[in-house]
Amino acid sequence: NGGQLNVFGIGGISKLDRVPNLDTTVWDTVLGSNIRRTTSSFSGTLGMNYSVPLGDKTYLETSALATGQNYRNATYFLNRQLEEELQNWSDIDNGRLASHTFVNHKINARHTHRSGVIVQGLFARYYSNFIFDQRETDTLYRGTGASVLVQAYSRSQLQLGSRWQINGGLHMMYLQQTGEFSPEPRLGIRYIPREKHALSLGYGLHSQMEPYYTYVVEFLDPAAGWRRQNSDLGFNKSHHLVLSYQWTPRQHLRFLAEVYY
């Protein structure tokens, strides 16, 4: 029925093994010459995208993906008897399940509207320790958690005559981990004073969360024990303002200048 389905994926495996120098006579002169480090990592993404018309003026598009990363690192010191002593171990996992669905509707020749929802499930597991003389273990940091990030938006494009175009809408973001909700207005105006020339002015309030592990990693407080220092961390927020001028003297030549704050 005119629908289109795309399936995509990418993945990679990496490994690094640093071998120590077995000549103990150089250990005092070459920094780190008695250290062995093994590092391995994996990253992969699998997703799909589906779009289908819902009539002559409307179409629906939906996407879903799963992505994950794993990182492991081990550090060993070689002693004078050429025996390996484990000094540091780190094991980190990150994962995300996400979906994005929107409906685009052409109301008339001058008005097009789009509304959509983005839902992301976030997962993280972090652990790193340091071992002293093969006896005492000091955990540098640890943390495990899961949360949901929801975004919704609605925007319209209005063509007012042959010279004016307005793009306006509202974007909303909510993070379950902190309970923070952020409504964000967006507005863009384009004006064509004469043929081949165009002026544009755009404004938007934009929020951004930190990488998810920032919220769940725990550090040891000598007075209060293990605690999450950033469990109530708010969004980073910024106002974006852009003024641009475009000149198209010929079909295949365009000049664009922007001033942004």
Side-chain angles (χ1 to χ4, degrees), residues 8-12 41-49 61-71 90 92-104 113-128 141-157 166-190 200-219 227-244 256 258-261:
F8 56 89
I10 186 171
S41 62
F42 165 80
S43 179
T45 298
L46 180 65
M48 57 79 66
N49 172 270
E61 185 168 319
T62 185
S63 303
L65 67 85
T67 180
Q69 300 91 31
N70 172 261
Y71 170 83
S90 298
I92 298 171
D93 290 307
N94 282 301
R96 181 164 62 106
L97 298 173
S99 67
H100 179 195
T101 301
F102 70 84
V103 175
N104 196 90
H113 182 80
R114 176 179 293 188
S115 292
V117 177
I118 305 169
V119 180
Q120 299 183 59
L122 309 169
F123 312 91
R125 183 180 66 85
Y126 273 68
Y127 180 77
S128 180
Y141 56 80
R142 68 183 189 185
T144 302
S147 187
V148 177
L149 177 69
V150 180
Q151 301 174 76
Y153 62 89
S154 185
R155 64 175 184 255
S156 283
Q157 182 180 94
I166 298 178
N167 293 277
L170 181 67
H171 183 275
M172 294 166 286
M173 190 157 76
Y174 170 77
L175 179 61
Q176 180 264 333
Q177 180 83 23
T178 61
E180 183 170 5
F181 173 74
S182 176
E184 305 161 7
R186 313 279 170 84
L187 179 65
I189 300 173
R190 180 180 173 88
S200 298
L201 178 65
Y203 164 77
L205 173 62
H206 295 261
S207 297
Q208 185 180 40
M209 66 173 289
E210 297 294 333
Y212 182 58
Y213 67 81
T214 309
Y215 300 86
V216 301
V217 166
E218 299 176 338
F219 296 92
R227 66 185 185 91
R228 293 179 177 178
Q229 296 179 331
N230 300 315
S231 59
D232 57 349
L233 187 65
F235 293 140
N236 282 323
K237 295 186 179 184
S238 58
H239 296 283
H240 292 226
L241 191 65
V242 182
L243 175 65
S244 68
L256 177 66
E258 288 187 342
V259 178
Y260 56 89
Y261 173 77

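The first residue in the sequence is number 1, and the count goes up from there.
- In this structure, Arg125 CZ and Thr144 OG1 are separated by 6.5 Å, a value rounded to the nearest 0.5 Å.
- A donor-acceptor distance shorter than 3.5 angstrom exists from the side chain of His113 to the backbone of Arg155, with no hydrogens or angles considered.
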With side chain to side chain contact (heavy atoms under 4.5 Å, CB included) as the criterion, how do Gln151 and Gln120 come out once you've worked through the C-alpha distance, each side chain's angles and the decisive distance to 0.1 Å? CA-CA 9 Å; Gln151 301 174 76; Gln120 299 183 59; 3.4 Å; yes
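- By the 6.0 Å contact criterion, OH on Tyr213 is open, its count of non-hydrogen atoms from other residues, nucleotides or ligands being 12 or less.
- Note that OG of Ser99 is 10.5 Å distant from CE of Met48, once rounded to the nearest 0.5 Å.
- Using a 4.5 Å heavy-atom cutoff, the side chains of Leu241 and His239 are not in contact.
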Apply the test side chain to side chain contact (heavy atoms under 4.5 Å, CB included) to residues Thr101 and Val117: give CA-CA distance (whole Å), side-chain angles for both, the deciding distance (0.1 Å), then the verdict. CA-CA 6 Å; Thr101 301; Val117 177; 5.7 Å; no
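- The two residues Gln176 and Ala146 make their nearest non-hydrogen contact at OE1-O, 4.1 Å.
- When only modelled atom types and interatomic distance are considered, Glu61 and Ser63 share no side-chain donor-acceptor pair under 3.5 Å.
- Contact of the Leu149 side chain with the Leu175 side chain is registered, since non-hydrogen atoms from C-beta on lie closer than 4.5 Å.
- Atom-to-atom distance recorded for Met209:CE and Met173:CE is 8.0 Å, nearest 0.5 angstrom.
- The line from CZ of Arg227 to CZ of Phe219 is 10.5 Å long, rounded to the nearest 0.5 Å.
- Between Tyr203 and Leu205, the closest side-chain pair of non-hydrogen atoms falls below 4.5 Å.
- Residues Arg228 and Gly145 approach most closely at NH2-CA, 4.3 Å, considering heavy atoms.
- For the pair Pro183 and Pro185, the tightest heavy-atom approach, listed with the atom from each and the gap, is O-CD, 4.0 Å.
- Heavy atoms only, all atoms of each residue included: Tyr260 and Val242 are closest at CB-CG2, 3.9 Å.
- Note: Glu258 CD to Ser200 OG = 8.5 Å, rounded to the nearest 0.5 Å.
- Tested against Val148 for a side-chain contact (heavy atoms from CB on, under 4.5 Å), the candidates Leu122, Val119, Leu97 yield a single pass: Val119.
- Applying side-chain hydrogen bond (donor to acceptor under 3.5 Å, both in side chains) to Asn167 and the options Arg190, Gln157, Arg186 leaves one that passes, Gln157.
- In this structure, Thr178 and Tyr215 have side chains that are in contact, with non-hydrogen atoms separated by less than 4.5 Å.
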Please tabulate, for side-chain N and O atoms in residues 230-238, each donor-acceptor pair with protein atoms closer than 3.5 Å (sequence neighbours left out).
from   : atom 1 : to     : atom 2 : distance (Å)
Asn230 : ND2    : Thr214 : O      : 3.2
Asn236 : ND2    : Glu210 : OE2    : 2.5
Ser238 : OG     : His240 : NE2    : 2.8

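- Note: Thr62 OG1 to Asn49 CG = 8.0 Å, rounded to the nearest 0.5 Å.
- A donor-acceptor pair under 3.5 Å is absent between the side-chain atoms of Ser147 and the main chain of Phe123, judged by distance alone.
- Nearest heavy-atom pair, Asp93 versus Tyr126, reported as atom, atom and distance to 0.1 Å: O-CE1, 4.1 Å.
- There is no side-chain donor-acceptor pair under 3.5 Å between His206 and Glu184.
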